[in-house]
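This report refers to the structure that appears directly beneath it.
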Amino acid sequence: MNGNADIIMELENLCYTYEDGTEALKGIDLQIRRGEKLAIMGANGSGKSTLFLTLNGIHKPTRGKLLFNGRPVEYSRKGLLDLRKKVGIVFQDPDSQLFSASVVQEISFGILNLGVPEKEAAKRVEEVMEELNILLFRNKPTHFLSGGQKKRVSIADILVMDPEMIILDEPAAALDPKHARMIDGIIDKLSEKGITVILSTHDVDRALKWADRVVLLEDGIVIREAKPDAVFQEEEVLMRTNLEKPAVLKLFETLCRAGILNENLKIPHTVQELEQYINNR
Ligand SMILES: Nc1ncnc2c1ncn2[C@@H]1O[C@H](COP(=O)(O)OP(=O)(O)OP(=O)(O)O)[C@@H](O)[C@H]1O
């Protein structure tokens, strides 16, 4: 491994222009730390999906550099295979990812394609199915699954490859609160394993609670990157990205203004933390 071992991925002046001339990424500089929980946020069309497709080599940057574990990504067949083994994307719409006849075939496909011996692959598939609570519907055709089940299978597809980084494009979109919480639990487990997790979301409360760092994109450039506490207090950048201040922060500020809470308290990240402040007065 070259360079700083704490940095898993580095983007240097990364640009991507689509064939029709749309400049979707206009020079992104970003260092992603190993094991980091990174939320990428921005208005519709700001370039989040394009960025994700560039991070795992589906799009080749039109300018600039992408380094993985300190080395420039090689856009050869082998270079891309190596990158995609280590950096997986869970797409927002599971139907664009799932195509095999049954769940177990779906999860086995990628790992067998990598050339992992059948017995070893089968063992790994069983482990991942157990971990993500998939065993009960292992033989169902993927197109008969519910949205929450499809999402779990999409994550299993990636997890089975033993990745270093997982990118999730709006993982809670179209899920009910119970299933969204289940996916949150799975994402926490990925982080506990040391996997670097990048996700896009429009949910500021969730990002405040979850992320180590928030990156705000506007029109293909990064306009702010910092800890969520700092980013979510900046009304001007939030407005530029069509985001609102998290509800828990708004309430905290109202309670401070009313003299009910002391404004020197650490910013609460969850409703539970805010309740505790109120109960401890
Ligand atoms: N295949 C394509 N060809 C041409 N332009 C594209 C293509 N895909 C995306 N774009 C354009 O690139 C820009 C960035 O789009 P992208 O999908 O990356 O944004 P996004 O932030 O993921 O949006 P959303 O939140 O709506 O998913 C937009 O102007 C979009 O119209």
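Counting starts at 1 for both ligands and their atoms, in listed order. Numbering starts at 1 and runs along the sequence shown.
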Would you mind finding which of G220, G47, S200 brings a heavy atom closest to atom 19 (O) of ligand 1? G47
With respect to atom 26 (O) of ligand 1, which of N242, N44, D219, T201 exhibits the smallest heavy-atom separation?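 Residue with the shortest heavy-atom distance to the ligand atom: N44.
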Thinking salt bridges, do K209 and D205 make one under a 4.0 Å N-O criterion?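 Salt bridge: no.
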Contacting atoms of ligand 1, where contact means under 4.0 angstrom from a heavy atom of A43: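 This gives 21 (O) as the contact atoms.
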Are any of the N/O atoms in [X] less than 3.5 Å from those in ligand 1?
{"X": "A24", "value": "no"}
{"X": "S46", "value": "yes"}
{"X": "S49", "value": "yes"}

Nearest protein heavy-atom contact for [atom]: which residue, which atom, what distance?
{"atom": "atom 21 (O) of ligand 1", "value": "K48 NZ, 2.8 Å"}
{"atom": "atom 15 (O) of ligand 1", "value": "T50 OG1, 3.9 Å"}
{"atom": "atom 2 (C) of ligand 1", "value": "Y18 CD2, 3.3 Å"}
{"atom": "atom 14 (C) of ligand 1", "value": "G45 O, 3.4 Å"}
{"atom": "atom 11 (C) of ligand 1", "value": "T22 CG2, 3.7 Å"}

H269 vs D229, test: side chain to side chain donor-acceptor pair (under 3.5 Å). Steps then yes/no. CA-CA 8 Å; H269 285 193; D229 314 29; 3.0 Å; yes
For [Y], is there any backbone N or O sitting under 3.5 Å from a side-chain donor or acceptor partner on [X]?
{"X": "S200", "Y": "E170", "answer": "yes"}
{"X": "T62", "Y": "C15", "answer": "yes"}
{"X": "R34", "Y": "A5", "answer": "yes"}
{"X": "K48", "Y": "A43", "answer": "yes"}

Is a donor from one side chain sitting under 3.5 angstrom from an acceptor on the other, for D20 and T22? yes
Distance-only side-chain donor-acceptor flag, S46 / D219, under 3.5 Å: no
Would you say atom 30 (C) of ligand 1 touches the protein, meaning some protein heavy atom is under 4.0 Å from it?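 Not a single protein heavy atom is under 4.0 Å away.
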